[in-house]
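Here the structure is laid out as structure tokens; the discussion comes afterwards.
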Amino acid sequence: GSVYVSSTYNKAFTFGGKEVADPEGLTSACIVKYNEKGQEQWAVTLEGSAVVYALDTDADGTLYAAGSFIDVVKYTATDGTTGELAGGADAHSAFVAKISKDGKVESVKTIAPVINAAILESFMYFPEPNYVYVTPNNIQIDGEKVYVSATYTADVEELGWKAAYLNVFDFMYMENKSAGIFSLDKANLANPTSVATVQNTENISYNQYYPEALDFTAENGTVYVGFFGFGNLTMATPAGNKDFTFGISADESGNKEHAFVLATIGSDVNAKVFNTEMHAKDAKPYKVYMEKSGDNLFIGGTFFGQLPFDAQKNSGELASDIFTASVKAADFSTNWTFVGQSESDALSMSVNGETVLISSKNIFHI
């Protein structure tokens with residue numbers, strides 16, 4: 001019955017009867033706990049430039065948090081113990097924290113991005129400040145593993161992830177966004193292992209293709225991955241790789257096929273592409289959320305143009321629209337789809353049995 005909430009703060013506040021110090025203008029992060037009656041329990045703080053993006057709990061009530069930070073961040077637990085996260089001064093590193101139900105920080109793991117050495121030595125790479133990053137977007141506990149998804153723009157050496165860069169006419173390099181999923185041992189957040197990456201097929205290319213949005217859900221060691229993408233992409237996993245090619249218009253329209261890929265990763269890799277018509281894209285980013293319930297996968301978020309799961313449904317012209325879809329986990333066949341029929345921006349999704357709650361400017365109960 002407890003509720004965990006993450007937020008940022010930039011001034012002193014009191015929570016659960018304890019004073020949290022002023023972070024002196026820094027946008028810091030905190031995680032707070034309320035009991036089933038809505039009463040304040042405790043706050044764990046990360047003082048410095050930090051953001052928490054995702055939370056999950058296990059059956060024992062232990063909390064797992066994933067986020068990013070810059071430079072050095074000081075964390076303080078409910079028992080007064082403190083520690084530090086150390087990362088690059090000009091890069092957003094990722095962290096995963098394991099916190100007891102009493103608010104004690106039991107373990108912390110940091111994942112740092114490193115600029116590709118060959119690109120750096122070329123003297124043609126001039127990254128914008130803080131644009132080198134590993135940014136988590138989801139975390140889930142499954143069995144004895146913690147799974148985390150993230151986007152990244154630099155090498156992640158611990159995971160064996162190599163960044164993709166755009167070669168701009170042999171004049172300069174630009175970062176090309178990639179996405180990945182990794183796992184950690186639940187007991188102590190050790191043994192970082194790559195589950196999958198999705199990125200441009202060619203590491204150095206004149207064509208900047210990337211996954212628009214990626215999410216996952218895990219059950220009994222099988223990871224279900226879903227992402228929007230365009231161009232030539234490769235999903236690389238320890239169990240094998242899959243290549244995808246999506247349509248790009250040869251004229252000056254700029255139209256692209258933003259297809260959706262759904263895959264399972266276990267002892268082998270299976271994938272299905274939900275193709276769409278090529279179209280221009282709204283400036284807003286795609287979003288995707290995934291959960292598994294029973295025999296079905298529930299996928300939600302925002303899309304543009306033709307809905308990948310139902311060719312008869314479309315968003316408004318150059319407008320983002322909210323959607324949900326129910327897909328059989330066994331063969332990825334579509335059970336049903338829902339489209340909001342108005343410009344929307346999906347914020348979150350939760351599933352209870354066959355009921356889906358997706359939030360936006362409006363809340364849809366499906």
Side-chain angles (χ1 to χ4, degrees), residues 128 131 135 137 151-153 164-169 171-179 198-202 204-215 225-235 242-263 271-290 299-325 327 334 337-349 358-362 364:
E128 294 291 329
Y131 199 69
T135 303
N137 51 54
T151 55
Y152 62 100
T153 58
Y165 293 85
L166 175 67
N167 184 332
V168 185
F169 305 113
F171 172 71
M172 64 180 293
Y173 290 117
M174 294 176 60
E175 306 92 345
N176 204 355
K177 183 173 71 173
S178 302
V198 180
Q199 61 183 171
N200 188 356
T201 299
E202 299 176 81
I204 306 297
S205 172
Y206 287 99
N207 299 308
Q208 192 170 20
Y209 310 139
Y210 52 84
E212 292 271 5
L214 178 146
D215 198 21
V225 183
F227 65 90
F228 285 98
F230 69 99
N232 301 324
L233 301 176
T234 294
M235 182 173 68
K242 296 285 185 181
D243 295 325
F244 308 100
T245 299
F246 307 129
I248 294 182
S249 177
D251 58 29
E252 297 179 358
S253 67
N255 288 352
K256 299 179 178 67
E257 179 191 9
H258 296 267
F260 190 86
V261 175
L262 190 56
K272 179 177 179 178
V273 177
F274 295 83
N275 293 104
T276 65
E277 297 174 349
M278 291 188 291
H279 62 278
K281 177 185 175 297
D282 186 278
K284 292 182 180 178
Y286 280 78
K287 291 187 179 178
V288 61
Y289 307 101
M290 290 181 59
I299 304 160
T302 52
F303 77 106
F304 308 91
Q306 189 180 61
L307 181 66
F309 307 97
D310 187 343
Q312 304 304 311
K313 294 181 179 179
N314 292 271
S315 69
E317 185 177 358
L318 293 180
S320 63
D321 203 347
I322 201 166
F323 80 93
T324 57
V327 176
T334 302
T337 62
F338 168 85
V339 172
Q341 298 181 333
S342 63
E343 184 173 4
S344 301
D345 186 14
L347 304 176
S348 66
M349 185 184 80
I358 186 162
S359 68
S360 178
K361 296 176 182 176
N362 303 306
F364 297 93

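What you are looking at is a predicted structure, and each value in this text was computed from that prediction instead of being measured.
Side chains of V261 and F246 form a contact here, defined as non-hydrogen atoms less than 4.5 Å apart. Contact check for F227 versus L233: side-chain heavy atoms found under the 4.5 Å cut-off. With a 4.5 Å cut-off on side-chain heavy atoms, L262 and M290 count as touching. A 4.5 Å side-chain heavy-atom check between Q199 and Y152 finds at least one atom pair inside the cut-off.
Remark: F171 pairs with no residue by the ring-ring contact (aromatic ring centres under 6.0 Å, His included) rule, at least two apart or across chains. Remark: T234 engages T201, N241, D243 in a side-chain contact (heavy atoms from CB on, under 4.5 Å) (not counting sequence neighbours). Contacts of T337 classified as side-chain contact (heavy atoms from CB on, under 4.5 Å), with partners at least two apart in sequence or in another chain: L307, F309, D310, K313, A325, T334. By the side-chain contact (heavy atoms from CB on, under 4.5 Å) test, N314 is found to be paired with Q306, residues two or more places apart in sequence or in another chain being considered. Under the side-chain hydrogen bond (donor to acceptor under 3.5 Å, both in side chains) criterion, D321 pairs with no residue at all, not counting sequence neighbours. With sequence neighbours excluded, the residues forming a ring-ring contact (aromatic ring centres under 6.0 Å, His included) with Y286 are F228, H258, F304, listed by chain and number.
Summarising the local packing, CE of M278 is surrounded by more than 12 heavy atoms from other residues, nucleotides or ligands at distances under 6.0 Å.
A donor-acceptor pair under 3.5 Å links the side-chain atoms of Y289 to the main chain of L347, judged by distance alone. In this structure a side-chain-to-backbone donor-acceptor pair under 3.5 Å is present from E257 to G247. At least one donor-acceptor pair under 3.5 Å links the side chain of N255 to the backbone N or O of A280. The main-chain N or O of Y209 is found under 3.5 Å from a side-chain atom of N176 such that the two form a donor-acceptor pair. For the pair S315 (side chain) and G305 (backbone), a donor-acceptor distance under 3.5 Å is present.
T151 and T135 share no side-chain donor-acceptor pair at under 3.5 Å.
Going from atom CG of N200 over to atom CG of L166 covers 8.5 Å, rounded to the nearest 0.5 Å. Between the OH atom in Y173 and the OH atom in Y165 there is a gap of 10.5 Å [rounded to 0.5 Å]. Remark: N137 CG to K287 NZ distance equals 11.5 Å, nearest 0.5 Å. Here Q208 contributes atom CD and F230 contributes atom CZ; the two are 7.0 Å apart, rounded to the nearest 0.5 Å. In this structure, the separation between CZ on F260 and CG on N275 is 13.0 Å, given to the nearest 0.5 Å.
Nearest approach of M235 to A263, heavy atoms of both residues: CE-CB, 3.6 Å.
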